[in-house]
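One structure is given below, encoded as structure tokens.
Here the structure is a predicted model, which means the values were calculated and not measured. The chains referred to below are lettered A, B, ... by the order of the sequence lines, with proteins before strands, and numbering in each begins at 1. The figures here come from the full heavy-atom set of this structure, side chains too, leaving out hydrogens, waters and symmetry mates.
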Amino acid sequence: MFAWVWFMANKHWIDELADILEERLRSRGKDVLVFNGGLSVSGLQHVGRLRGEIIIPETLRRILSRRGLKIKQYLTLYTQDAWKGKESQRKAFKDPGEAVKYTGWPLIRVPDPEGCHANWVEHFWGDFGPYIKEFTDGNIEVVTTTDLYAGKLKEFTKKTFGLRDKVREIINKYRGRKKYPETWIPFEPICDGCGRIDKTETTKIIDDERVEYRCRYCGHHGETGIVNGKLNWRIEWVGVWWALGVDFEPYGKDHATPGGSRDSCVDLAINAYGIKPPEGIPYEWVAMRTRDKRIVDMSSSDFTGFTPREWYEVAHPHIYRFLVLKTPPMKKLVVSLYEIPQYYSQYYQAERIYYGVEDPGVEEKRVLLSRSYELSYPDGEPPEKMPEQVPYTHLAVLVQLVPRELWGTEGLRRLRNSGHLPEKPTEYGVKRILETMERASRWVEKYAPDYLKIRLLREPDPRIIGEIPWEHREILYRMGEMLEELEEWSEDSIKNVMIEATKHLSPKERRALYHNFYKLFLGQPSGPRAAPLIALVGRETSVKFLKAVKK
RNA sequence: GGGCCCGUAGCUCAGCUAGGUAGAGCGGCGGGCUUUUAACCCGUAGGUCCCGGGUUCAAAUCCCGGCGGGCCCGCCA
């Protein structure tokens with residue numbers, strides 16, 4: 001139809017989003033724009049949290065930076081929030097019963113359940129925080145609400161005391177019957193008596209710096225500084241926008257409901273504080289598929305999901321970024337560590353489409369996949385030449401046959417022999433293969449199905465041999481003899497031996513024979529290619545196994 | 001009570017924004033491949049597009065009304 005329409009229809013969702021955002025951000029007239037994301041460290045920091053709060057804003061930031069916008073990206077940790085003491089959270093401690101006493105404490109004050117870090121937050125941040133730079137370009141500044149309360153939010157708290165009536169009026173619009181009374185002061189101190197932040201009530205503002213409060217939990221009355229507490233949650237969110245000057249911040253679907261938290265906070269920002277609320281987009285959560293194929297939402301406080309560290313161990317961050325980018329933000333993304341090989345092959349396909357060596361047929365698909373691929377690089381861009389692609393499962397098997405110290409030599413030689421690598425492979429391609437080998441090796445240990453786990457039997461097993469019919473034993477024994485006499489010990493000559501020994505068999509019989517062949521060596525009816533396997537096992541051992549069938 | 005995502009082949013989904021002969025991958029089946037790296041190649045079967053109305057020459061697609069599944073919010077944050 002019209003070129004314009006065609007053009008629009010063939011944009012990646014994130015580019016369309018970037019277009020809209022660019023216009024709105026430019027109209028704000030700021031030199032440096034601010035992007036933010038927010039996380040409460042209530043427990044397991046799973047990969048799902050990378051999606052909406054980190055990778056999506058980071059990618060938008062990079063796209064818009066290329067268009068000349070200056071953008072600063074933050075990630076805000078809600079460390080002052082109360083520890084809820086859910087059963088799943090208590091179970092993180094050796095003595096869950098005793099851990100009840102931390103209920104209601106600010107997260108940052110809850111001790112590390114395993115005693116290896118300064119507190120709960122730092123403990124669970126360990127598998128997440130340090131990996132952000134692997135999944136992004138790393139230009140993200142992490143701030144905590146605890147630090148903000150000691151700084152800019154302190155100022156905001158004072159401001160809020162002055163705006164009390166207006167703030168109450170707006171919040172009460174969203175509170176149906178349970179309106180806050182006129183005496184309400186929107187500040188929740190940490191109780192000096194019991195340590196809780198979720199049960200205190202401010203009774204009096206003493207001056208700009210101090211308040212009086214009472215605790216509904218332990219009955220303690222006291223006074224404390226305004227650094228020692230937090231604002232009511234709706235106000236706090238606006239406070240973060242104000243303190244950092246946020247211009248864009250995505251929000252999870254739990255905040256997206258009309259009349260919900262985002263709406264009420266926008267109302268507060270405009271009508272109480274007179275600031276322009278940030279632009280935003282809602283996003284769906286990430287779920288995971290378990291070993292037995294059940295789908296469960298990842299949840300921090302329920303400890304369901306897996307961390308960026310666990311992903312990084314078995315797969316490149318590129319792959320996760322790719323999955324996030326090819327999935328529209330309001331669609332549920334389901335990921336599984338058991339399906340890593342499939343993700344690699346999807347990624348390789350997108351890569352081939354990007355480099356133009358494969359035609360997806362449908363234009364929309366081409367745009368979605370190749371752009372998602374292009375943006376999948378955490379830092380920088382795809383290399384000029386398409387890297388060599390070796391299937392993940394291939395490497396998973398290879399690393400089990402070649403000793404680790406030979407991966408970079410013998411392993412690569414094997415790949416050249418099998419045609420996966422050319423004589424002069426690209427630098428990035430080789431680097432990626434070596435990295436994938438490390439990951440595939442760990443994946444085999446932790447997640448691979450049994451049939452991909454290759455383990456040579458220590459000794460020929462008489463019980464297995466007993467199950468092999470005599471005519472097969474004859475052939476296997478003969479193979480052993482031929483291998484023993486073989487002049488040159490190479491994959492090719494071994495392969496010739498195997499062909500020679502089985503050429504008189506029908507395809508069906510040959511299949512049956514190889515089942516027994518694999519059982520003899522591995523205890524299971526299938527395995528890696530026979531000739532390379534034998535080559536690797538070595539002459540002495542393979543002859544020993546093969547001739548054992550006739551003892 | 002309000003909102004979001006979804007319903008298309010056995011499974012996972014694309015196609016719906018912009019109406020024009022129902023698609024892909026996986027799985028199944030048959031065959032091939034000097035046995036296979038959840039492989040590859042060729043062929044093949046398989047569908048009331050959740051249901052009912054409406055608009056239209058024409059509806060999986062647009063409109064209205066239902067049904068079913070999953071999820072979020074309902075004054076905790």
Can you check the distance between [N] and [M], where both ends of the measurement are the [atom1] atom (answer in whole Å)?
N      : M      : atom1 : result
B/rC67 : B/rG10 : P     : 26 Å
B/rA60 : B/rG54 : P     : 15 Å
B/rC64 : B/rG3  : P     : 13 Å
B/rC16 : B/rU61 : P     : 12 Å
B/rA24 : B/rU44 : P     : 12 Å
B/rC62 : B/rU17 : C1'   : 11 Å
B/rC49 : B/rU34 : P     : 44 Å
B/rG7  : B/rC40 : P     : 28 Å

Closest-nucleotide ordering on RNA chain B, the 5'-leading residue of A/Glu339 and A/Tyr174: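 Between the two, 5'-proximity favours A/Glu339.
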Closest nucleotide of RNA chain B for A/Lys84 versus for A/Lys332: which of these residues is on the 5' side?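 With A/Lys84 and A/Lys332 compared, the 5'-side residue is A/Lys332.
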Counting the atoms with a prime plus P, OP1 and OP2 as sugar-phosphate, which does [X] contact under 4.0 Å by heavy atoms, base, sugar-phosphate, or nothing?
X        : value
A/Asp198 : nothing
A/Tyr78  : nothing
A/Tyr283 : nothing
A/Gln342 : base
A/Lys173 : nothing

Under a 4.0 Å threshold between the charged nitrogen and the carboxylate oxygen, would [Y] count as salt-bridged to [X]?
X        : Y        : value
A/Lys11  : A/Asp19  : yes
A/Arg432 : A/Glu435 : no
A/Lys332 : A/Glu284 : no

Can you measure [X] atom [atom1] to [N] atom [atom2] for me and round it to whole angstrom units?
X        : N      : atom1 : atom2 : result
A/Gln389 : B/rC40 : CD    : P     : 14 Å
A/Arg366 : B/rA24 : CZ    : P     : 21 Å
A/Leu513 : B/rU36 : CG    : C1'   : 14 Å
A/Trp285 : B/rG3  : CH2   : P     : 19 Å
A/His255 : B/rC4  : NE2   : P     : 18 Å
A/Lys331 : B/rC71 : NZ    : P     : 18 Å
A/Asp254 : B/rG74 : CG    : C1'   : 14 Å
A/Lys253 : B/rC72 : NZ    : P     : 6 Å

Salt bridge (charged side-chain N to carboxylate O under 4.0 Å, His left out) between A/Glu201 and A/Arg214: does it pass, once the steps are laid out? CA-CA 6 Å; A/Glu201 228 175 298; A/Arg214 69 178 185 89; 3.2 Å; yes
Determine: side-chain N/O of A/Lys178 to OP1/OP2 of B/rC76, distance under 4.0 Å, yes or no.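 Yes, A/Lys178 has a side-chain N/O under 4.0 Å of OP1/OP2 on B/rC76.
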Distance-only donor-acceptor test (3.5 Å): side chain A/Tyr514, base B/rU34: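 A donor-acceptor contact between them is absent.
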What's the closest nucleotide to the A/Met330 side chain, out of B/rU37, B/rC71, B/rC4?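 Nucleotide nearest to A/Met330's side chain: B/rC4.
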The side chain of A/His394 is closest to which nucleotide in this list: B/rA14, B/rU37, B/rC4?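 My answer, after comparing the listed nucleotides, is B/rU37.
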Could you please name the partner base of B/rC4, counting Watson-Crick and G-U wobble pairs only when both distances are under 3.5 Å?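 Per the H-bond distance test, B/rG70.
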Who does B/rC13 pair with, Watson-Crick or G-U, both distances under 3.5 Å?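 Check on B/rC13: paired to B/rG23, both distances under 3.5 Å.
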side-chain hydrogen bond (donor to acceptor under 3.5 Å, both in side chains) partners of A/Arg473, counting only residues at least two apart: none
A/Arg49 to A/Trp285, cation-pi by 6.0 Å centre distance and 45° axis angle: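 Here A/Arg49 fails the 6.0 Å and 45° test against A/Trp285.
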Can you see whether A/Tyr217 has A/Arg196 sitting over its ring - NZ or CZ less than 6.0 Å from the centre and within 45° of the normal?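 Judged by the rule (NZ or CZ under 6.0 Å from the ring centre, within 45° of its axis), A/Arg196 counts as positioned above A/Tyr217.
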